[in-house]
Protein chains: 2
Amino acid sequence: MSERRDEKEEGRFAYEGLDRVMHEKARLGIMTSLATHQEGLLFNELKELCSLTDGNLSRHIQVLQEAGLIEVWKRFQDRRPQTLCRLSPEGRKRFISYLEEMERVLKDAYSAQANEAKKKSARFLKNPDIQGWTPA
Amino acid sequence: MSERRDEKEEGRFAYEGLDRVMHEKARLGIMTSLATHQEGLLFNELKELCSLTDGNLSRHIQVLQEAGLIEVWKRFQDRRPQTLCRLSPEGRKRFISYLEEMERVLKDAYSAQANEAKKKSARFLKNPDIQGWTPA
DNA sequence: GAAATTACTTTGCGATGTCAAGTAAAAAAG
DNA sequence: CTTTTTTACTTGACATCGCAAAGTAATTTC
């Protein structure tokens with residue numbers, strides 16, 4: 001039986017679509033929060049939803065804004081500063097691309113489970129060590 | 001109509017299950033490659049599949065091994081060193097947990113698309129600026 | 001009017017990722 | 001046979017990144 005199609009092609013598992021700006025735990029949470037709240041979220045709402053510290057969130061917002069993924073709006077409400085963040089149209093597009101790439105990761109990863117049995121010991125009988133390999 | 005259940009709870013979008021060791025572009029690719037090749041992969045196979053440089057791959061393998069996620073085996077084959085990497089049983093478990101968390105991210109993110117229409121302008125009529133917000 | 005709170009921003013630093021350079025052995029070239 | 005090239009990695013240096021602590025500025029409470 002032959003290898004699964006394309007399984008060994010160069011870059012098959014490179015996942016170039018995983019944009020580093022979004023592929024970060026905290027920022028992925030921020031993006032997802034904003035995706036689910038089209039009307040935008042306030043600084044403190046984001047802070048709680050993503051369990052971030054003030055400084056941390058502030059920095060990530062800056063990065064996301066500089067990347068053109070979110071819009072940031074400021075005002076004074078009841079004599080206090082207030083910051084609102086929303087996904088930019090561009091940000092929404094790029095986030096969807098990111099999610100699509102992540103779906104490919106999941107699909108690839110789970111496809112392995114299905115194949116597990118039949119591929120058992122394709123290269124080695126039991127453990128590699130019986131074939132002359134040494135650990136470390 | 002009330003908010004969707006739990007939508008605003010603290011940490012709702014924190015995604016603590018996204019282990020930093022695996023949540024890295026290159027290493028995510030390595031883990032997925034290894035998940036789909038239960039028999040293990042050679043250094044050069046991984047290098048090509050993930051489009052990594054030698055040094056880069058070497059470093060990531062070290063990190064994954066130190067985290068107990070993969071097993072690394074060495075031998076000489078045809079008088080040349082050869083390195084084989086495989087998921088450890090523990091690594092497989094933890095990778096599955098990671099993937100499950102990532103599925104939650106996708107589910108959350110896509111649930112937003114479905115709700116987009118009905119949530120339109122919940123907080124603001126059109127753009128925030130008409131309500132006293134200023135950009136930046 | 002001093003202290004505390006709110007809503008952030010800035011700073012410092014340790015950790016991380018990346019690429020270039022290095023190593024060691026074998027194979028190929030001359 | 002010895003110099004160069006190739007293979008298969010490893011190590012080192014640098015630059016970036018994320019994070020928490022400290023800082024700021026306005027407001028409110030005591």
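Every chain is numbered from 1 and lettered A, B, ... according to where its sequence line falls, protein lines coming before strand lines.
- Dashed line: the shortest gap from a side-chain N or O of His60(A) to OP1 or OP2 of dC19(D) is under 4.0 Å.
- For Ile61(A) and dT10(C), the CD1 to P distance is 13 Å, given to the nearest whole Å.
- Atom P of nucleotide dA28(C) and atom CZ of Arg79(B) are separated by 12 Å, given to the nearest angstrom.
- Between the P atom of dT6(C) and the CZ atom of Phe76(A) lies a distance of 16 Å, rounded to the nearest Å.
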What nitrogen or oxygen pairs link the protein and nucleotides 7-13 of chain D at under 3.5 Å?
unit_1	atom_1	unit_2	atom_2	d
dA8(D)	OP2	Asn44(B)	ND2	3.0
dA8(D)	O3'	Pro81(B)	O	3.3
dC9(D)	OP1	Thr83(B)	N	3.1
dC9(D)	OP1	Thr83(B)	OG1	2.4
dC9(D)	N4	Asp54(B)	OD2	3.3
dT10(D)	OP1	Lys74(B)	NZ	2.7
dT10(D)	OP2	Ser58(B)	OG	2.9
dT10(D)	O4	Gly55(B)	N	3.4

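- Not one N or O on the side chain of Thr83(A) forms a donor-acceptor pair closer than 3.5 Å with the backbone of Phe43(A).
- For Ser111(A) (side chain) and Asp108(A) (main-chain N/O), a donor-acceptor pair under 3.5 Å exists by modelled atom type.
- At least one donor-acceptor pair closer than 3.5 Å links the side chain of Arg27(B) to the backbone N or O of Val21(B).
- Atoms CD (Glu24(B)) and C1' (dT16(C)) sit 9 Å apart, rounded to a whole Å.
- Computed from C1' positions of five pairs at each end, the angle between the two local axes of the helix from dG1(C)-dC30(D) to dG30(C)-dC1(D) equals 20°, rounded to 10 degrees.
- In this structure, Glu71(B) contributes its side chain and Pro135(A) its backbone to no donor-acceptor pair below 3.5 Å.
- In summary, the side chains of His60(A) and Asn56(A) do present a donor paired with an acceptor at a separation below 3.5 Å, with no hydrogens or angles considered.
- Salt-bridge check for Arg20(A) with Glu24(B): passed, with a basic side-chain N closer than 4.0 Å to an acidic carboxylate O.
- In this structure, Arg20(B) places its CZ atom 14 Å from P of dC17(D), rounding to the nearest Å.
- What separates OH of Tyr15(B) from P of dG18(D) is a distance of 18 Å, to the nearest Å.
- Using cut-offs of 30° and 60° on the angle between ring planes, the pair Tyr15(A) and Phe13(A) is perpendicular.
- Lys25(B) places its NZ atom 13 Å from the C1' atom of dT18(C), with the value rounded to the nearest Å.
- When each of Arg75(A), Gln77(A), Lys74(A) is paired with Gln82(A), the side chain to side chain donor-acceptor pair (under 3.5 Å) condition holds for Arg75(A) and for no other.
- Nearest to the side chain of Ala26(A), among dC19(D), dC17(D), dT27(D), sits dC19(D).
- Contact of the Leu46(A) side chain with the Leu34(A) side chain is registered, since non-hydrogen atoms from C-beta on lie closer than 4.5 Å.
- The distance between atom CG of Leu28(A) and atom C1' of dG18(D), rounded to the nearest whole Å, is 15 Å.
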